[in-house]
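Only this structure's heavy atoms are used, side chains among them; waters, hydrogens and symmetry mates stay out. From a predicted model like this one, the values you see are computed outputs, not experimental measurements. In what follows, chains are A, B, ... by sequence order, proteins preceding strands, each numbered from 1.
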Amino acid sequence: MSVIVRFAPSPTGYLHIGGARTALFNWLFARHHGGRYLLRIEDTDRQRSTEPAIAAILDGLGWLGLESDEPPVYQFSRIEQHKAAVQRLLEQGLAYRCWCTPEELEAMRERARAEKRPIRYDGTWRERDPREAPAGVDPVVRFKAPLDGETVVEDRVQGTVRFANTQLDDMILLRADGTPTYMLSVVVDDIEMGITHIIRGDDHLNNAARHANLFRALGHEPPVFAHIPLIHGPDGAKLSKRHGALGVDAYRELGYLPEAMRNYLLRLGWAHGDEEIISTQQAIAWFDLDGIGRSPARFDFAKLDSVNAHYLKERADNELVTLVAPRLEAAGHRLGEPERRRLEQAMPGLKQRARTLVDLASSAAFYIQARPLPLDAKAAKLLDPAARAELARLAPVLAAVEPFAEAGLEAAARAHAERQGLGFGKLAQPLRAALTGRTVSPGLFEVMAILGREEVLLRLEDAATGRNPAMQQSD
RNA sequence: GUCCCCAUCGUCUAGCGGUUAGGACAUCACCCUUUCAAGGUGAAGACACGGGUUCGAUUCCCGUUGGGGAUGCCA
């Protein structure tokens, strides 16, 4: 039997990190088994489903490289099939109409809470004669769940989970307005789509029991379940804003690479021995349900940063220029061909120091910054009168270096420092400040070689004559 | 309240009855060094607790505690 899985987000908000991981696991599972990975938009809640949310989900999945193998299924478009399924259940006596109003149900729950009883529908209309139905109330349709015994869910992650059927009340299949609920739609669609494995968040584990009963009522055995633990924030509580509960678009904005996100997310809840850096190809080869852990994980930006730094180093220099260009342009830099070429040359030195594309853009800016270079506070402090005078003396020495390349520049600068009776460090930091406007940068001679003789001399002259403005902001 | 799930370094995790409890991130030293990274070496750091089962429990069972989830005419 070929594997068919699905990711089934509801378009009521952005695609968050937990959803992204669920999608990844499904996608990897399908790839590993040569099966199909489908996307189903669970938009049966007409009130809360929105177009922008759908767009955000599609966009996020696309960015992560988790496109589905077939066009997405919009659940609401299958409403007729859902209704037909309910009709069959009604005819078979496996479902019934219930005329309780939302207010009555709320009162029922209140009472149960007050009396510290389990909070669930009491089955009022299960046996009651429909002829007693109150006028002017549109009924919902409820599933006739088993009253006793237990429902057993064999979960590939959580093991055997048993639910007493007294815990499972008669869930609503069709709302009073005739639209299907999630409980019904998932099952009908999973059957229709031929889903073989359901990999989803732990928060659905309870539902799995209800789903299993519905599957059987509809004449099918449930698929294989695998409920993966949820992702928590750094404090162990629910994921909250600023702590990872961001849309995946936010991660893109923060400068993370999709391959880094995939790797990090994969390791959140899944392991293959001690492996940490796992390429997508390798992940496909290795991914299995057995590797999924049962305990929830906390989201950790520090680890994500480190994984991202790794993948940044692996990216081709020209790709990084393209990735960083919009950020530099947004910061007000003009990027023509010469600038792009210079950045590409500089990339090997820059990328090994960056953890995110934000870092990378920030550290790359000085290469294409128009003169005179703004100085950050520390750099400005370094360029005191003595240092400026020293740079003025150094300039002609550097000007004479031929060719204007790393080795010769370094030899000349070191020789100069020695002649002046300076430690090289004493010369290097002011030089760095003059050339980059900062106290931190790639190697000085690499920077010089990339900037070129003319630009280096102009920047030195700016510094020597105190022409540089103070930097407005840190980046 | 009721039901369900979970529990190894700060974090992600390996472990699947007998290990000096391993790795990664973060942290701290030291090395390298023109700064910062990177890299190298090293350090510190965990089996929540209590009962069983067993010759032997991190590992199996039960309980406690602590987290989390569900309890919607949301998904």
Side-chain angles (χ1 to χ4, degrees), chain A residues 8-12 42-45 47-49 75 98 100-102 105-106 109 112-120 138-142 153 155 157-159 161-164 166-169 171-177 179 181-183 185-186 201-209 227 229-230 232 234 236-238 264 267-277 293-307 309 313 349-355 359 363 378 382 410 413-414 417 423-429 431-433 436 438-445:
Chain A
S10 68
T12 53
E42 310 236 308
D43 55 354
T44 52
D45 184 341
Q47 258 70 50
R48 300 200 298 170
S49 297
Q75 193 159 56
C98 163
C100 285
T101 63
L105 292 173
E106 185 45 45
R109 281 191 283 269
R113 252 190 294 273
E115 294 167 24
K116 298 192 188 301
R117 285 183 293 107
I119 300 161
R120 62 183 73 89
D138 291 324
V140 300
V141 176
R142 287 183 182 270
V153 173
D155 193 274
V157 174
Q158 309 292 348
V161 186
R162 327 181 83 93
F163 296 88
T166 51
Q167 293 295 326
L168 277 22
D169 61 359
M171 63 209 175
I172 293 177
L173 266 19
L174 238 40
R175 302 187 182 93
D177 66 3
T179 59
T181 62
Y182 157 82
M183 288 290 178
S185 307
V186 226
D202 219 347
D203 49 339
H204 285 292
L205 185 54
N206 289 272
N207 288 337
H227 288 91
L230 302 178
H232 294 163
K238 226 187 216 165
Y264 175 72
R267 288 289 291 104
L268 221 46
W270 180 87
H272 184 84
D274 283 339
E275 300 293 337
E276 295 287 349
I277 296 297
R294 277 149 307 170
S295 52
R298 301 188 187 197
F299 191 89
D300 181 19
F301 272 107
K303 180 78 172 265
L304 208 211
D305 280 352
S306 135
V307 173
K313 292 183 188 79
L350 293 172
K351 69 183 177 186
Q352 67 172 309
R353 293 173 163 78
R355 296 170 83 74
D359 291 350
S363 65
K378 286 183 195 156
L382 234 32
E410 175 155 11
R414 285 188 186 279
F424 180 63
K426 274 297 214 185
L427 183 63
Q429 277 308 80
L431 186 51
R432 169 168 284 113
T436 71
R438 304 185 168 206
T439 53
V440 172
S441 81
L444 273 180
F445 305 105

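Regarding A:H272, its NE2 atom lies at a distance of 16 Å from the P atom of B:rU13, rounded to whole Å. A straight line from NE2 of A:H204 to P of B:rA70 spans 9 Å, rounded to a whole angstrom. Atom CD of A:E275 and atom C1' of B:rG22 are 13 Å apart (whole Å). The interatomic distance linking A:R162 (CZ) with B:rU2 (C1') rounds to 19 Å, in whole Å.
When each of A:R432 and A:Q158 is assigned the nucleotide of RNA chain B bearing its nearest heavy atom, the one mapping closer to the 5' terminus is A:Q158. Nearest-nucleotide mapping onto RNA chain B: of A:K303 and A:R267, the residue sitting toward the 5' end is A:R267.
Nucleotide B:rU33: unpaired (no Watson-Crick or G-U wobble partner with both distances less than 3.5 Å). Base pairing analysis places B:rU27 opposite B:rA43; the two distances defining the Watson-Crick or G-U wobble pair are each below 3.5 Å. In this structure B:rA70 sits in a base pair with B:rU2, meeting the Watson-Crick or G-U test at under 3.5 Å. Of all nucleotides present, none satisfies the Watson-Crick or G-U wobble test against B:rA38 with each distance under 3.5 Å. Under the Watson-Crick or G-U wobble criterion, with both distances below 3.5 Å, B:rA48 is paired with B:rU64.
Of the C1' atoms belonging to B:rU64 and B:rU20, the separation is 32 Å, rounded to the nearest Å. If you take atom C1' in B:rC32 and the same atom in B:rA24, they sit 23 Å apart, rounded to whole Å. Spacing of C1' atoms, B:rC73 relative to B:rC16, comes out at 46 Å, to the nearest Å. Rounded to whole Å, the P atom of B:rG40 lies 13 Å from the corresponding atom of B:rA26. Distance noted for atom C1' between B:rA48 and B:rG10: 16 Å (whole Å). One P atom belongs to B:rG72, the other to B:rU54, and the distance between them is 45 Å to the nearest Å. Comparing the same atom, C1', in B:rA14 and in B:rU71 gives a spacing of 36 Å after rounding to whole Å. Taking the P atom of each, B:rC47 and B:rG68 are spaced 22 Å apart, rounded to whole Å.
If you check every strand for non-hydrogen atoms under 4.0 Å, A:S295 touches sugar and phosphate atoms only. If you check every strand for non-hydrogen atoms under 4.0 Å, A:T179 touches nothing.
Classified by interplanar angle (parallel below 30°, tilted 30° to 60°, perpendicular above 60°), the ring pair A:F445/A:F424 is parallel.
For A:R353 against B:rC36, a side-chain-to-base donor-acceptor contact under 3.5 Å is present. Below the 3.5 angstrom threshold, one finds no donor paired with an acceptor across the side chain of A:D202 and the base of B:rG69. Taking only distance into account, the side chain of A:D300 never meets the base of B:rA26 through a donor-acceptor pair shorter than 3.5 Å.
Between A:H227 and A:V157 the shortest side-chain heavy-atom distance does not fall below 4.5 Å.
The backbone N or O of A:V186 lies less than 3.5 Å from no partner atom in the side chain of A:E42, so there is not a single donor-acceptor pair.
Rounded to the nearest 0.5 angstrom, A:R267 CZ and A:E275 CD are separated by 9.0 Å.
Of the candidate nucleotides B:rA24, B:rC73, B:rC3, B:rC3 has the atom lying nearest to any side-chain atom of A:F163.
Between A:F301 and A:Y264, the ring center distance fails the sub-6.0 Å criterion.
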